[in-house]
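Note that the coordinates shown come from a computational prediction; the quantities given were computed from them, not determined experimentally.
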Amino acid sequence: MRIGVDIGGTFTDLCVLDETGVLAVGKVLTTHDEPARAVEEVLAGTLREAGLNAGQVAQLVHGTTLVTNALIERTGARTALLATAGFRDVLEMRREHRYELYDLLIELPTPLVPRHLRFDVPERMLADGTVETSLDERYVAELGRELAGRGIGAVAICFLHSFTNPAHERRAAELLREVAPELKVALSSEVVPEIREFERASTTVANVYVQELTERYLRDLEARVHRAGVGPAPHIMLSNGGIATVDTAARYPIRILESGPAGGALAASAFGAAAAETDLLAFDMGGTTAKLCTISGGAPLVTHEFEVDRKYRLLPGSGLPVRVPVTDMIEIGVGGGSIARIDSLGLLTVGPDSAGSEPGPVCYGRGGSEPTVTDADLVLGYLDPGYFLGGAMKLDVAGARDTIRRRIAEPLGVSVAQAAYGIHAHVNEDMANAARVHAVERGKDPGVLPLFTFGGAGPVHGAGVARALGSPRVVAPPAAGVMSALGFLTAPLAFDFVRSSRAAVHELAWEQVDALFAEMEREGAELLEKSGVDSAEITHRRIAEMRYSGQGYEIRVPVRPGRWGERLIEDFRETYRKLYQRAGPDVSVEVLNWRVVSSGPPPDVTLKLRGAATSGDAGKGARQAYFPDAGGFVDTEVYDRYRLRPGDRIEGPAIVEERESTLVLPPGAACEVREDASLVVTP
């Protein structure tokens with residue numbers, strides 16, 4: 001058996017898989033004070049309820065939002081920055097770019113390291129790697145003693161041009177470890193050895209800022225997993241769709257920044273490939289946020305430009321930049337727990353703040369007082385108050401209706417049902433607008449992409465989002481409520497490496513480039529072999545990041561094997577043409593970075609829901625649900641997802657329930673069941 005576990009903002013999800021398909025799924029409320037406790041609870045509880053033996057688990061893969069939350073909430077270690085003399089303020093100067101040009105009150109994220117903990121170290125390395133000014137070792141040693149004595153827990157070292165020659169950074173780290181061995185130290189030449197000083201400094205600081213917190217959490221997770229009877233050490237999901245060992249994740253915690261959302265994108269890719277649909281729009285709506293990702297050519301898009309803690313969530317440049325490979329997606333603050341309110345203009349607005357799991361929506365009965373999306377969906381009849389989480393949590397319909405009446409309906413002068421539907425439709429439009437922008441910016445037409453919907457709240461809203469987008473169909477997979485956890489189990493062990501070596505292509509020393517690739521591939525092979533991957537099964541993918549001379553940013557170009565140097569410019573021009581629909585300028589081409597992605601073999605998985613019915617009636621009766629197109633509340637047939645058979649067809653209005661999520665089928669829509677138990681909705 002193999003197990004995936006995902007910690008979200010509201011729920012912690014689990015999925016158990018073997019060679020026959022999905023064996024069991026579980027979901028518990030996230031324990032924010034001690035996140036690994038929820039993992040232990042859902043692991044032990046799900047295995048016990050399903051009658052499964054923890055000793056038969058061969059692999060456990062885990063994803064978490066711990067790093068993201070720590071950066072946003074500023075709960076990491078007290079951190080210092082050692083920079084080349086004259087460059088300590090790069091974190092605050094950023095790129096001197098105003099992301100909102102005419103906003104006189106523009107707000108930027110506060111640097112993780114305050115100015116009094118940023119230090120100018122006497123040293124200077126030139127761009128070609130030669131030493132201009134030697135490292136002042138006495139200064140570093142004295143500073144290390146003082147930092148340790150003042151209670152500083154972490155130090156980031158980011159010297160100029162260290163990606164070309166890391167000698168000064170490495171020596172500074174040696175000195176700090178000699179005089180203050182308890183300090184956590186991160187080197188930019190190890191974390192992100194590439195050009196661009198601000199992004200490199202920001203990423204290195206973020207990595208060491210959360211390192212102690214992440215290490216402590218991962219060791220606690222290991223202990224709890226073993227206590228639950230699982231033998232193998234957990235693997236950790238990386239933001240780029242690969243997985244790594246606990247030791248690797250603890251050393252480079254910034255690589256697990258977006259580990260949870262990456263699992264959902266991988267699951268969408270796997271289900272799409274099984275149905276011969278290689279281009280999709282993956283839509284994940286949980287309790288706190290909604291994520292949208294474009295699947296192109298059977299794989300999620302990956303980017304190396306990412307920002308945390310954006311002050312304006314849709315404006316690039318308003319957050320802390322992190323230069324690591326992450327699944328390319330957009331995240332917006334609308335989920336089941338998003339709070340609805342009337343704004344200062346008397347208009348309905350929803351999110352981005354969320355009730356989360358503590359206290360949660362009003363209907364959870366845990367002390368929540370603000371109306372949320374889940375409260376609205378319950379009042380509309382889309383959710384069964386007695387079957388939420390399979391009946392493990394009873395929902396308070398009266399409480400949800402009362403808070404919507406007081407906070408939304410009466411101020412707007414509408415009925416409770418109209419107010420609740422206003423909340424539901426509002427988030428549908430928000431998500432459709434975000435999806436449209438995300439797809440178009442990547443050269444895709446959202447009107448032709450199927451919408452692959454999952455997450456606890458995704459199938460409830462999927463048809464509404466698809467209708468607003470004009471999508472041709474909606475795909476709701478089995479175990480949709482724990483899809484990120486399931487996606488973890490489709491990922492190979494993988495890691496990526498980068499080296500900066502800027503040069504015009506016609507001036508490249510190919511022997512030197514081959515040596516760079518060989519060095520990175522050797523590092524990748526060593527890392528994967530230590531994780532138990534057979535050397536014969538390791539593959540390496542080479543990538544060049546290139547641009548026309550004079551341009552500010554580069555594009556990624558796959559490097560073909562063989563006499564690749566002769567093909568590089570040709571491949572760059574073709575990639576450029578596909579991205580921008582035009583030929584580039586007649587100027588020389590240069591390379592900034594060389595990348596290698598080292599991977600083990602992808603796991604062989606069966607995604608079918610095991611134990612699906614082969615006969616019997618799937619009907620569960622009917623209940624009143626609200627559909628404005630049908631005139632309001634109407635009798636709506638309810639179906640048991642686990643008793644539907646491949647080939648079954650359902651006409652809307654209808655509701656299909658499973659333990660972790662609910663699919664809402666509006667009037668005029670139709671739904672068919674695929675062989676893998678996925679539900680395909682035609683709006």
Ion pair check, [X] and [Y], cut-off under 4.0 Å:
| X | Y | answer |
| --- | --- | --- |
| D220 | R216 | no |
| R442 | D328 | yes |
| D89 | R94 | no |
| R200 | E197 | yes |
| R115 | E92 | no |
| E554 | R196 | yes |
| E545 | R595 | yes |
| R145 | E178 | no |
| R138 | E142 | yes |

Derivation of the salt bridge (Lys or Arg N to Asp or Glu O under 4.0 Å) call for E174 and R177: CA-CA 5 Å; E174 290 174 3; R177 290 179 181 122; over 6 Å; no
Keeping the roles fixed (side chain from [X], backbone from [Y]), state whether a donor-acceptor pair exists under 3.5 Å.
| X | Y | result |
| --- | --- | --- |
| T84 | L160 | yes |
| T203 | E199 | yes |
| D136 | Y139 | yes |
| Y99 | I106 | no |
| R118 | V113 | yes |
| T327 | S239 | yes |
| R323 | A201 | no |
| H62 | V5 | yes |
| E169 | S189 | yes |

Candidate pair E194 and R499, rule side chain to side chain contact (heavy atoms under 4.5 Å, CB included), full reasoning: CA-CA 6 Å; E194 57 183 287; R499 297 288 187 273; over 6 Å; no
Reference residue R255; test side chain to side chain donor-acceptor pair (under 3.5 Å); the match among N207, T248, D496: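 Single side chain to side chain donor-acceptor pair (under 3.5 Å) partner of R255 among N207, T248, D496: D496.
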Non-hydrogen atoms of [X] and [Y] that approach each other most closely:
| X | Y | result |
| --- | --- | --- |
| P492 | G600 | CB-O, 3.5 Å |
| R542 | V596 | CG-CG2, 4.3 Å |
| T31 | R37 | CG2-NH1, 3.5 Å |
| Y576 | P585 | OH-CD, 4.5 Å |
| T204 | A186 | CG2-O, 3.7 Å |
| S588 | S549 | OG-OG, 2.8 Å |

Atom [atom1] of [X] and atom [atom2] of [Y]: how far apart are they, to the nearest 0.5 Å?
| X | Y | atom1 | atom2 | answer |
| --- | --- | --- | --- | --- |
| L183 | E212 | CG | CD | 10.5 Å |
| T245 | R251 | OG1 | CZ | 10.5 Å |
| L81 | L117 | CG | CG | 9.5 Å |

R219/E222 under salt bridge (Lys or Arg N to Asp or Glu O under 4.0 Å): CA gap, chis, key distance, verdict: CA-CA 5 Å; R219 299 308 172 196; E222 262 189 315; 3.1 Å; yes
Worked check of side chain to side chain contact (heavy atoms under 4.5 Å, CB included) between F163 and N593: CA-CA 11 Å; F163 54 85; N593 301 315; over 6 Å; no
Lys NZ or Arg CZ of R124 over F159 ring: under 6.0 Å, within 45°: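 The answer is no; the distance or angle limit is not met.
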Side chain proximity check, V324 to Y252, heavy atoms < 4.5 angstrom: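 SC-SC contact between V324 and Y252 ruled out.
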Side-chain heavy atoms of H226 within contact of L221, under 4.5 Å: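 H226 vs L221: side chains apart.
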Evaluation steps, salt bridge (Lys or Arg N to Asp or Glu O under 4.0 Å), between R170 and E190: CA-CA 9 Å; R170 290 174 180 173; E190 293 181 355; 5.1 Å; no
